[in-house]
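In this text, all values refer to a predicted model and were calculated from it rather than measured experimentally.
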Amino acid sequence: MRFSRSFPQSPSWRWIINTQLTATPVQLQTPAKGRIAARVMAACATVTLLFSIGCRQDMHDQPKFVPQRGTDFFADGRSARPQVENTVARGQLREDSYFYTGMINGKEGDVMPFPVTAAVMQRGQERYNIYCTPCHSRVGNGAGMIVERGYRPAGNFHTARMQASNLGHFFDVMTNGYGSMPDYAAQLTPEDRWAVVAYIKALQLSQNARQSDVASGATVQPLGAIAEREGFPKEFASEWALPSTAIYGTPNNQDNGIPGQMMSPAPGAASKSTSPTPPAASKPNALAAPSGDSPKQ
């Protein structure tokens, strides 16, 4: 086969195909062989199709129960079977129920399930600073950074109610949530939750320390004196107060006891009350006097 170009000056190119066909016995036999091969391939394809149609479809149509679909195989008509009684999934035995719940006979316990070492306290401080400070702040007064931006005030760990709470209470709140606080079971393992509990108690002690609480030879000093010595401004040790942007989201803009710092008096009880309602996120009395009358660590 030869290609030649004609009339190069023409505005459009044209290709002229010149073919020369020389009939030979081999070339004359080629169409016949092609027809035979095509018939053989068609026959093979037909046989293959027949075999594929007759194959079993076990992997395509499996005998199984679709979730939440009924069946007449069982007497109760349910395809999903109830779990065998007293069986426990692998890794979920949890023999020490107090370690995983913070409860003893349905009540909040008040003991750590393992010894509190320096490593435990360090781990608790680390986890607290990551997950708790946005709401509760570094010192635990409930005036964290997102509270300053309008989020609902968090619990103040330094109120009398919080100081009297058992260890199991804090663990249970982190496990199941409380009020507007979501649970942190996914973020904190049980070990980490107990470590945070230990650190919260250390925070409470740090704001209400007495000389008898520290080791022999150590000195408890007022926070105001420490702040002055370290060059902090005078208001550093002043009263804690929630920012004006913090809101409770309630009609009276008070906590109403779920959970926290402000307690709304019952209707008609305001005139009978002899003690004023404590201010939101107020600092413990021990910190209210930076002059040195109340020792702080």
Side-chain angles (χ1 to χ4, degrees), residues 102-103 107-145 147 153-175 177-179 181 184 188 191-215 218-227 236-242 255 257-263 278-290 292-297:
M103 299 288 183
K107 298 181 179 180
E108 298 168 348
D110 197 25
V111 61
M112 287 291 293
F114 49 80
V116 178
T117 62
V120 170
M121 293 297 296
Q122 184 177 5
R123 178 68 176 181
Q125 181 184 32
E126 179 194 47
R127 298 293 95 180
Y128 177 92
N129 289 341
I130 293 173
Y131 295 109
C132 306
T133 55
C135 296
H136 295 278
S137 84
R138 287 291 182 102
V139 294
N141 65 345
M145 189 60 65
V147 174
N156 179 3
F157 297 138
H158 305 289
T159 61
R161 182 176 70 87
M162 286 293 199
Q163 290 177 353
S165 297
N166 293 336
L167 301 177
H169 169 76
F170 298 100
F171 183 89
D172 180 67
V173 169
M174 284 184 277
T175 304
Y178 187 83
M181 172 182 166
Y184 281 79
L188 298 170
E191 293 88 347
D192 285 345
R193 275 172 259 164
W194 283 114
V196 171
V197 169
Y199 182 70
I200 290 175
K201 284 299 180 181
L203 277 180
Q204 292 176 338
L205 180 62
S206 71
Q207 303 303 313
N208 295 274
R210 298 183 298 271
Q211 187 64 45
S212 58
D213 295 326
V214 299
T219 303
V220 176
Q221 303 179 34
L223 181 61
I226 298 176
F236 179 82
S238 62
E239 198 73 19
W240 284 332
L242 288 175
D255 187 72
I258 311 177
Q261 305 88 0
M262 294 182 67
M263 297 294 293
S282 61
K283 185 177 289 190
N285 294 335
L287 283 181
D293 297 338
S294 300
K296 302 308 299 173
Q297 187 175 11

> Which residues satisfy the side chain to side chain contact (heavy atoms under 4.5 Å, CB included) test with Met121, sequence neighbours excluded?
Replying inline: Val116, Ala198, Tyr199, Ala202
>> To the closest 0.5 Å, what do you measure between OG (Ser137) and CE (Met145)?
In response: 9.5 Å
>> Would you compute the distance between atom CG of Asn156 and atom NE2 of His136 and round it to the nearest 0.5 angstrom?
In response: 10.0 Å
>> Ignoring hydrogens, what is the shortest heavy-atom contact between Arg210 and Val220? Give both atom names and the distance.
In response: O-CG2, 3.6 Å
>> Quick check against the 3.5 Å criterion: does Asn166 have a side-chain atom that pairs as donor or acceptor with the backbone of Gly168?
In response: no
>> Using 30° and 60° as the class boundaries, would you call the ring planes of Phe157 and Tyr128 parallel, tilted or perpendicular?
In response: tilted
> Which atoms form the tightest heavy-atom contact between Arg138 and Thr133, and what is the distance?
Replying inline: CD-CG2, 3.4 Å
> Can you name the residues that form a side chain to side chain donor-acceptor pair (under 3.5 Å) with Glu126, not counting sequence neighbours?
Replying inline: Arg123
>> Looking at Gln125 and Val120, would you say the former's side chain and the latter's main chain have a donor-acceptor pair under 3.5 Å?
In response: no
>> Between Gln204 and Gly140 (side chain of the first, backbone of the second, donor and acceptor by atom type, cut-off under 3.5 Å), is there such a pair?
In response: no
> What heavy-atom pair brings Leu188 and Met174 nearest, and what distance separates the two atoms?
Replying inline: CD1-SD, 4.0 Å
>> Applying salt bridge (Lys or Arg N to Asp or Glu O under 4.0 Å), can you list everything that pairs with Asp110, at least two apart in sequence or on another chain?
In response: none
> What residues form a side chain to side chain donor-acceptor pair (under 3.5 Å) with Arg127, not counting sequence neighbours?
Replying inline: none
> Would a 4.5 Å heavy-atom cut-off, applied to side chains only, mark Met162 and Ile200 as touching?
Replying inline: no
> Under 30°, 30 to 60°, or over 60°: which ring-plane class applies to His169 and Tyr178, parallel, tilted or perpendicular?
Replying inline: perpendicular
>> Can you tell me how far apart OG (Ser165) and CG (Leu167) are? Round to the nearest 0.5 Å.
In response: 10.0 Å
> Who passes side chain to side chain donor-acceptor pair (under 3.5 Å) against Thr175, sequence neighbours left out?
Replying inline: Arg193
>> Applying side chain to side chain contact (heavy atoms under 4.5 Å, CB included), can you list everything that pairs with Gln122, at least two apart in sequence or on another chain?
In response: none
> Between Tyr131 and Val196, is any pair of side-chain heavy atoms under 4.5 Å apart?
Replying inline: no
> Which pairs with one or both residues in residues 164-174 pass salt bridge (Lys or Arg N to Asp or Glu O under 4.0 Å), sequence neighbours excluded?
Replying inline: none
